[in-house]
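Remarks on the structure that follows.
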Amino acid sequence: MTDVPTAEAALPEYLRRLLAAGDLPLRHRMPRPTATARRSAVLILFGEGPRGADVLLIEKSAHLRTHAGQPAFPGGGADPGDDYPVGTALREAEEEAGIDPDGVRVLATLPELFLGPSDNLVVPVVAWWDDPRDVTVGDPREVARVARVPLADLADPANRFRVAHPSGYVGPAFGVAGMVVWGFTGGLLDAILEAAGLARPWDVTDVRPLPVLGARRPQLPGTLDPTDDEDAAAPTVADPAPDGPPASTVPPR
């Protein structure tokens, strides 16, 4: 048996399983990146809250031009001088959710994921909140609220369903903390639960159309710094039917 480093051994079992996986099944359903893809990062911040293990999500402002009201992980595009990808993820989390980087222990970076609609190459940065604090809205022009969402709520089959976008996109979603989490964030959470050994059987035949309660001005997946053309782009990968073929590319409209 391989010895587990002391610092990692002190982490919850679900987090050790996620780190041991080293990859997420979601990545194999993403398209190949373009030469123009912008480097981006998101912070997947786990902690121990009043209701047990949780993860940090933000809800974008309802006044944004695109992706208004959509839940997401804190994150965004790399700025000049960033220690990418970790520095980018921590900077964005501080700006969007008031997270003090000194209270966060970065554990790993997962393989990058390409978001075709916004031409972003996203690196998920996994971290543990050593010094949890009350969450706050950093920039109210961009973020409506910040929530620590219990992992038990995300794994609860009663809170799980799939959403269908008019473009043909169908993907996993979660109804938690008064939000409908879908698109890239929903797919990433779905893969995280699976890799961490927290996934429970749920009704994948429950498909709900967008817009749904809590999903304001529905946009296509790809939530990082969208371009003017993103809303007209078709999502790249669709979720397969429960008994159908593997996921396939959705053709542009």
Exercise for the section: With sequence neighbours left out, write down each residue that passes ring pair (Phe, Tyr, Trp, His ring centres under 6.0 Å) with Tyr14, or none if nothing qualifies. Expected result: Phe46

Handout entry: With Leu110 via side chain to side chain contact (heavy atoms under 4.5 Å, CB included) - residues at least two apart
Key = Leu24, Pro124, Val126

Can you name the side-chain hydrogen bond (donor to acceptor under 3.5 Å, both in side chains) partners of [X], sequence neighbours left out?
| X | result |
| --- | --- |
| Asp83 | none |
| Arg51 | Asp153 |
| Asp100 | none |
| Thr34 | Thr36, Asp119 |

The criterion is salt bridge (Lys or Arg N to Asp or Glu O under 4.0 Å); which residues satisfy it with [X], sequence neighbours excluded?
| X | answer |
| --- | --- |
| Asp203 | none |
| Arg17 | Glu13 |
| Asp206 | Arg208 |
| Asp130 | Arg105 |

Exercise for the section: Please list all pairs passing the salt bridge (Lys or Arg N to Asp or Glu O under 4.0 Å) test where one or both residues lie in residues 173-199, with sequence neighbours left out. Expected result: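 Applying salt bridge (Lys or Arg N to Asp or Glu O under 4.0 Å) to every pair that reaches into residues 173-199, excluding sequence neighbours, yields Arg160-Asp190.
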
Handout entry: Student check: side-chain heavy atoms of Thr109 and Val125 closer than 4.5 Å
Key =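 Thr109 reaches Val125 side chain to side chain.
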
Handout entry: Expected output: side-chain Glu96 to main-chain Gly75 donor-acceptor under 3.5 Å
Key =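 Side chain of Glu96 to backbone of Gly75: a pair is present.
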
Fill in the blank from the handout: ring-ring contact (aromatic ring centres under 6.0 Å, His included) pairs touching residues 77-103, sequence neighbours excluded, are none

